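Here is how names work: the chains are called A, B, and so on, in the same order as the sequence lines, proteins then strands, and each is numbered from 1. Given the structure is predicted, the values throughout are model-derived calculations rather than measurements.
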Amino acid sequence: MEKPAINLPAKDLLKAKARINLERASVLLIDNSWGAELLAGIFAGFGSKQLYRCSSMASANEIVRQHSIDLIVSEAMLDEEDVYDFIRALRLTSDNDMNRFTPVILLSAHTVSRKVAEARDCGANLFVAKPISPKVLMERIRWVAGAKRKYLETQSYAGPDRRFHDDGPPQGMVGRRRGDANEDQAAAGAAA
Amino acid sequence: MSHVLYFSPENRLGKAVSTPGGKHVETAIADAEALVMLAAGECVERIDQALAQVYRLSEHAKPQTGVLYKTAREVAGLAGTCGLADLGAAAFSYCNLLDQAEQTGRLSGERVQVHLSVMRLLRRPERFTDAERQEILADLKAVVDKGQADLAKVLPARV
């Protein structure tokens with residue numbers, strides 16, 4: 001899968017003297033491959049003390065029902081089990097909102113073409129291409145932890161706002177949301 | 001125009017990671033890298049097991065592309081972590097080829113053999129210079145791009 005067209009504000013994210021405290025953050029790792037060992041090792045190195053590990057969606061569902069989770073990191077393809085369905089359900093849960101807005105980072109070595117749109121629309125916060133490196137993962141965790149993105153719910157999507165910039169709709173097009181700038185404003189914004 | 005509900009939830013992760021204590025980012029990364037290094041030998045073993053399975057499955061006249069894809073994907077996901085990034089790139093290319101096969105229902109035996117040969121070569125990267133490895137991967141990309149072009153001809157006809 002193509003890397004997401006997102007310009008991460010990398011400035012400061014990896015400042016050597018900045019601190020990160022993952023001891024109190026509860027992290028759920030979902031992976032059924034040997035890579036899960038590496039991932040757990042990386043989080044142990046980061047200082048995580050509250051790691052939940054599971055290798056199936058059934059266990060993951062059980063954990064998110066019972067515990068407040070601050071970050072979910074999951075392999076994107078677990079055999080026949082669908083991680084995208086899991087995230088969609090998480091975002092739409094109304095009877096138990098404990099983890100509805102928990103940031104989700106998906107890891108993927110490759111995404112089959114038929115799943116690309118699903119991956120984009122499932123409500124995950126970020127995709128990280130495997131092989132994972134501690135440096136990249138740290139950068140993404142700090143970015144998610146520092147993000148001030150709103151979450152939104154529409155008829156077809158629930159999850160973090162996928163708009164990273166609001167420059168109004170493209171010229172000649174009408175906005176899709178009620179709060180979108182109209183065509184004239186968009187043109188003025190583009191010209192500015 | 002779609003109806004949109006907005007939420008501004010509490011950022012629990014942000015609060016947790018910024019509480020006093022923890023580690024300097026630089027230290028946290030170094031500690032994690034040290035643990036990854038410790039697992040490198042086991043990681044290479046796991047890659048070799050997966051590669052053996054890829055070679056075995058690929059030799060079938062009609063390979064089970066689902067299992068094959070999953071195994072090649074594991075190689076692609078792990079190889080770069082233990083110093084075999086070019087092997088990982090070749091495995092990623094094989095995943096692309098298998099993905100194309102799923103869409104067309106056809107898997108070219110010749111393209112499969114090219115990928116297997118390249119993965120065997122790049123399992124021993126020290127035998128080649130950087131330039132040679134890049135040339136091998138560029139040739140492999142050309143093979144998959146050709147398949148993608150063929151796919152583009154096939155798919156519109158099916159719509």
Margin query: Can you confirm whether B:Val25 sits close enough to A:Met138 that some side-chain heavy atom of one is under 4.5 Å from a side-chain heavy atom of the other?
Written below: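 Answer yes - side chains close enough.
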Check: Is any side-chain heavy atom of B:Phe92 less than 4.5 Å from a side-chain heavy atom of A:Lys130?
Finding: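 B:Phe92 does not reach A:Lys130 side chain to side chain.
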Same cluster or not: [X] versus [Y], using hydrophobic residues (I, L, V, M, F, W, Y) connected whenever any side-chain heavy atoms lie under 4.5 Å apart?
{"X": "A:Ile132", "Y": "B:Leu35", "answer": "no"}
{"X": "B:Val44", "Y": "B:Val75", "answer": "no"}
{"X": "A:Phe101", "Y": "A:Ile105", "answer": "no"}
{"X": "A:Val116", "Y": "B:Val144", "answer": "no"}

Note to self: Under a 4.5 Å cutoff for heavy-atom pairs, which residue among A:Lys150, A:Glu37, A:Lys148, A:Lys49 has the most contacts with chain B?
What the structure shows: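 The answer is A:Lys150.
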Checklist line | For chain B, the option from A:Ser113, A:Gly47, A:Ser156 that forms the most heavy-atom pairs under 4.5 Å | finding: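 Top option by heavy-atom pairs under 4.5 Å: A:Ser113.
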Item checked: A:Arg114 with B:Glu102: basic N within carboxylate O range, under 4.0 Å ->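 Salt bridge: yes.
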Next item on the list: Taking only Lys NZ, Arg NE, NH1 and NH2, and the carboxylate oxygens of Asp or Glu, determine whether A:Glu23 and B:Lys23 approach each other closer than 4.0 Å.
Entry: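 Result for this pair is no, no salt bridge flagged.
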Considering only heavy atoms, which portion of [X] lies under 4.5 Å from any heavy atom of chain A: side chain, backbone, both, or neither?
{"X": "B:Leu5", "answer": "both"}
{"X": "B:Cys82", "answer": "neither"}
{"X": "B:Arg73", "answer": "both"}
{"X": "B:Glu10", "answer": "neither"}
{"X": "B:Glu33", "answer": "both"}

As an exercise: rank [options] by heavy-atom pairs under 4.5 Å with chain A and give me the winner.
{"options": "B:Ala76, B:Ser8, B:Ala28", "value": "B:Ala28"}
{"options": "B:Leu38, B:Val67, B:Asp31", "value": "B:Asp31"}
{"options": "B:Gly80, B:Pro9, B:Ala30, B:Gly88", "value": "B:Pro9"}

Check: Just by distance, do the side chain of B:Arg12 and the backbone of A:Ile69 share a donor-acceptor pair under 3.5 Å?
Finding: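 Such a contact is found between B:Arg12 side chain and A:Ile69 backbone.
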Next item on the list: Answer yes or no: is there a donor N or O on one side and an acceptor on the other, between the side chain of A:Arg19 and the main chain of B:Gly21, under 3.5 Å?
Entry: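 Flag set: sc A:Arg19 to bb B:Gly21 pair under 3.5 Å.
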Where [X] and [Y] come nearest, the two heavy atoms and their spacing:
{"X": "B:Leu78", "Y": "A:Gly35", "result": "CD2-CA, 4.0 Å"}
{"X": "B:Thr81", "Y": "A:Pro131", "result": "OG1-CB, 3.4 Å"}
{"X": "B:Ala39", "Y": "A:Trp34", "result": "O-CH2, 3.8 Å"}
{"X": "B:Val17", "Y": "A:Ala145", "result": "CG2-CB, 3.8 Å"}
{"X": "B:Pro20", "Y": "A:Asn21", "result": "O-ND2, 2.9 Å"}
{"X": "A:Val144", "Y": "B:Asn11", "result": "O-ND2, 4.0 Å"}

Next item on the list: Kindly say whether the aromatic ring centers of B:Tyr6 and A:Tyr151 come within a distance under 6.0 Å.
Entry: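 Ring centres of A:Tyr151 and B:Tyr6 not closer than 6.0 Å.
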Next item on the list: Identify which part of A:Ala158 has an atom lying under 4.5 Å from any heavy atom of chain B, answering side chain, backbone, both or neither.
Entry: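 The answer is neither part of A:Ala158.
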Item checked: Interface moiety of A:Ser68 toward chain B, non-hydrogen atoms closer than 4.5 Å ->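 For A:Ser68, the contact with chain B is made by backbone and side chain together.
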Next item on the list: Determine, step by step, whether A:His110 and B:Asp99 satisfy the side chain to side chain contact (heavy atoms under 4.5 Å, CB included) criterion, reporting the C-alpha distance in whole Å, the side-chain angles of both residues, the deciding distance to 0.1 Å, and the verdict.
Entry: CA-CA 10 Å; A:His110 186 274; B:Asp99 185 27; 4.2 Å; yes
Item checked: From OG1 (B:Thr19) to CG (A:Leu22), nearest 0.5 Å ->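 Rounded to the nearest 0.5 Å, the OG1-CG separation comes out at 9.0 Å.
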Note to self: So, taking the atom named CG in A:Asn32 and the one named NZ in B:Lys70, what distance separates them when rounded to the nearest 0.5 Å?
What the structure shows: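 The CG atom of A:Asn32 sits 6.0 Å away from the NZ atom of B:Lys70.
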Notebook entry, point to check: With a cut-off of 6.0 Å (strictly less than), are more than 12 heavy atoms of other residues, nucleotides or ligands near CZ of A:Arg24?
Noted result: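 Open: at most 12 neighbouring heavy atoms sit under 6.0 Å from CZ of A:Arg24.
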Notebook entry, point to check: Is it true that atom CD of B:Gln64 has more than 12 heavy atoms of other residues, nucleotides or ligands lying nearer than 6.0 Å?
Noted result: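 Atom CD in B:Gln64 is not packed in, count stays at 12 or less.
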Note to self: Show, in sequence, the C-alpha distance, side-chain angles and deciding distance for B:Phe7 and A:Leu152, and conclude whether the side chain to side chain contact (heavy atoms under 4.5 Å, CB included) test is met.
What the structure shows: CA-CA 6 Å; B:Phe7 304 90; A:Leu152 54 87; 5.7 Å; no
